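A short worksheet on the structure shown next.
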Amino acid sequence: MKLFSAKQLKEADQATEKNEGITSIDLMERAAGQAFEWIDAQLKGQQVPIYIFCGIGNNGGDGLALGRLLLNKKYDVHSFVVNYSENRSKCFLINYDRYKNTSKEWPKLLKSVDDFPDIPANALVVDAIFGIGLNRPLDQWVKQLVIHINQSKTFTIAIDVPSGMFVDSATPDLEAVIEASVTLTFQAPKLPFFLPETARFSNSIQVLNIGLDGNYLAETPTKAKLITKPDVQKMYQPRDKFSHKGTFGHALIVGGSYGKMGAVTLAVKACLRAGAGKTTTYIPESGYTILQTAVPEAMVIAAQESKHLVDFSVSNEYEAIAIGVGLGTDVKTMKGFKKFLETNKTQLVLDADALNLLAQDKELLKLLPKNCVLTPHPGELERLVGKWKNDFDKLKKTVSLSKSIDGVVVIKGAYTITVYHDQYYINSTGNPGMATAGSGDVLTGIITGLIVQGYDVLTAAVFGVYLHGSTGDLAAQQTGYNSLIAGDLIDFLGDGFIHLFRSDNVPQETAGNNRKNSN
Ligand SMILES: NC(=O)C1=CN([C@@H]2O[C@H](COP(=O)(O)OP(=O)(O)OC[C@H]3O[C@@H](n4cnc5c(N)ncnc54)[C@H](O)[C@@H]3O)[C@@H](O)[C@H]2O)[C@@H](O)CC1
Ligand SMILES: Nc1ncnc2c1ncn2[C@@H]1O[C@H](COP(=O)(O)OP(=O)(O)O)[C@@H](O)[C@H]1O
Ligand SMILES: [K+]
């Protein structure tokens with residue numbers, strides 16, 4: 001699903017108006033109508049005081065139109081105009097008049113802190129102060145209103161975007177953003193709904209389809225995409241009846257050190273379960289018995305060194321090499337790693353200590369072959385690209401890294417983002433149960449297993465991240481979040497594949513994670 005910028009959404013509005021021969025007021029009525037239907041379906045006529053805070057732009061216009069529709073259905077509506085400017089939009093003014101013609105109780109004008117209403121504890125608050133047009137920090141008193149609404153702790157529905165959140169750049173003041181219980185967003189979710197600093201404000205997201213111009217939406221490329229089931233179904237490569245193990249490639253997992261052989265065990269099992277034809281591990285000698293016992297399906301090459309890998313001379317018979325899990329950062333390991341990169345021509349997936357070694361000597365990045373995959377968690381990413389000012393700056397720095405190595409960078413975490421050059425692929429699956437040691441090793445194995453089967457590296461990363469998360473969601477149904485361990489992700493990976501083509505949704509443990517769309 002494409003995540004459009006504010007500018008693109010405005011262009012989509014215009015294309016819709018032009019091609020359907022309608023005006024922006026008609027489109028606003030459509031948007032408000034969708035929001036009304038959603039709210040009405042939840043309330044089913046239940047009488048709670050509904051407090052609607054409207055700005056003076058088109059988001060405020062939506063709020064007034066919604067208020068009118070709720071009044072017509074005999075709801076108990078109290079509307080407020082947050083009068084931060086006299087520069088009211090045309091559609092706001094039309095809806096202001098329509099509202100006044102509907103109700104004897106006109107919207108109350110708010111101009112300062114003194115005007116703020118007390119919000120009853122049982123109220124439903126609708127936030128229609130700012131939408132995608134917000135482009136500068138809020139006035140002090142408007143910020144105080146946002147804080148007042150947040151402190152009321154009432155159930156709050158944000159229209160399009162929680163007010164105070166910027167859509168295409170970093171939100172400058174994280175104290176001046178509405179903490180929505182639900183965000184009714186028009187046509188497509190917005191990028192900051194998925195970024196660590198701002199995701200908590202939009203909370204549960206409902207995408208309302210307001211029928212923006214189909215051609216514009218289909219033909220306009222976006223920087224960011226939310227990866228959902230229909231996207232990955234297209235990526236899956238079915239197996240030929242006469243295929244054999246040679247068809248699905250040979251992966252090498254390089255890593256492990258004394259006390260950390262488990263990381264290689266997890267990665268190689270995941271690689272096999274992802275469908276690699278053959279797997280070999282290259283580990284320090286002390287891991288030989290461990291690996292042969294724990295994963296009989298894998299071949300093992302034991303290095304001479306007992307505790308740490310020092311010599312990385314491996315043959316070139318593999319379709320991909322994953323390197324780094326459990327590797328350690330011993331000085332001798334660093335020397336061997338550098339020598340390996342100087343001669344290696346095989347496709348690489350670099351994780352964990354391989355990333356830490358790259359961060360210790362950034363010159364090594366120049367030795368990486370084109371199209372490698374780096375899978376840092378935020379700590380590893382920071383060591384590679386330096387501190388970032390905010391989430392948008394982090395993405396910018398990651399884009400630079402991806403371009404400089406001409407490869408893929410997977411920023412792991414909730415809503416893992418796979419970055420390839422200027423493109424962001426945001427994952428929609430996964431849960432906090434996956435915040436457990438070893439789950440990253442499993443991801444490395446999955447991505448490597450997909451690459452050796454013939455998936456291109458970007459597809460392997462995006463598809464692998466989705467599968468890893470959806471498998472985690474399936475596993476959590478049995479284990480709950482607390483008890484999920486990395487090995488469960490391997491055990492459930494088969495279900496992850498099977499569920500790709502099932503229509504049933506995987507329920508999540510908490511509503512906060514339950515992001516749906518109605519497209
Ligand atoms: N045809 C359309 O244009 C549609 C617009 N829709 C609604 O329109 C919204 C966008 O409306 P607008 O572009 O009018 O913008 P907003 O209503 O989000 O913001 C109002 C205006 O305030 C000004 N502004 C920005 N930051 C400010 C600040 N900190 N203090 C004071 N003023 C500030 C801007 O000039 C902006 O145009 C969408 O989010 C959506 O809710 C929907 O009704 C769908 C159709
Ligand atoms: N809250 C969360 N929601 C979704 N996925 C998560 C969450 N926490 C962790 N994960 C996933 O679990 C994996 C953790 O990787 P990593 O931190 O490298 O663990 P390890 O090094 O122990 O293997 C990543 O793929 C990450 O996206
Ligand atoms: K809003």
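Indexing begins at 1, ligand by ligand and atom by atom, following the structure's order. Any value given below was found using the heavy atoms of this structure, including those in side chains, with hydrogens, waters and symmetry copies removed. Because the structure is a prediction, the values reported are computed rather than measured.
- The part of Asp160 lying near ligand 1 is the side chain, judged by heavy-atom distances below 4.0 Å.
- The existence of a salt bridge linking Asp173 and Lys143 is confirmed by a sub-4.0 Å separation between a basic side-chain nitrogen and an acidic carboxylate oxygen.
- Atoms of ligand 1 found under 4.0 Å from any heavy atom of Leu27 (numbered from 1 in listed order, with element): 1 (N), 45 (C).
- The side-chain tip of Lys394 does not point at the ring of Phe392 from less than 6.0 angstrom away and within 45° of straight on.
- Under 4.0 Å from ligand 1, not a single heavy atom of Arg30 appears.
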Decide yes or no on salt bridge (Lys or Arg N to Asp or Glu O under 4.0 Å) for Arg30 and Glu20, but give the supporting numbers first.
CA-CA 13 Å; Arg30 215 189 264 180; Glu20 287 190 34; 2.5 Å; yes

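- Within the structure, ligand 1 lacks Gly55 among the residues with a heavy atom less than 4.0 angstrom away.
- At a cut-off of 3.4 Å, Asp127 is counted among the residues with an N, O or S atom near the K ion (ligand 3).
- In the vicinity of Lys10, heavy-atom distances shorter than 4.0 Å reach the ligand 1 atoms 12 (P), 13 (O).
- At least one heavy atom of Glu17 sits closer than 4.0 Å to an atom of ligand 1.
- Phe130 contributes O and Ser163 contributes OG; the angle these two atoms make at the K ion (ligand 3) is 70°, rounded to 10°.
- When only interatomic distances are considered, the shortest N/O to N/O separation between Ala437 and ligand 2 does not fall below 3.5 Å.
- One finds the CZ atom of Phe166 at 9.0 Å from the CZ atom of Arg136 (value rounded to the nearest 0.5 Å).
- Each of the following atoms of ligand 1 lies closer than 4.0 Å to a heavy atom of Gly131: 16 (P), 18 (O), 39 (O).
- Residue contact check for ligand 1: Ile159 places no non-hydrogen atom closer than 4.0 Å to it.
- Within the 4.0 Å heavy-atom criterion, the part of Asp13 lying near ligand 1 is the side chain and not the backbone.
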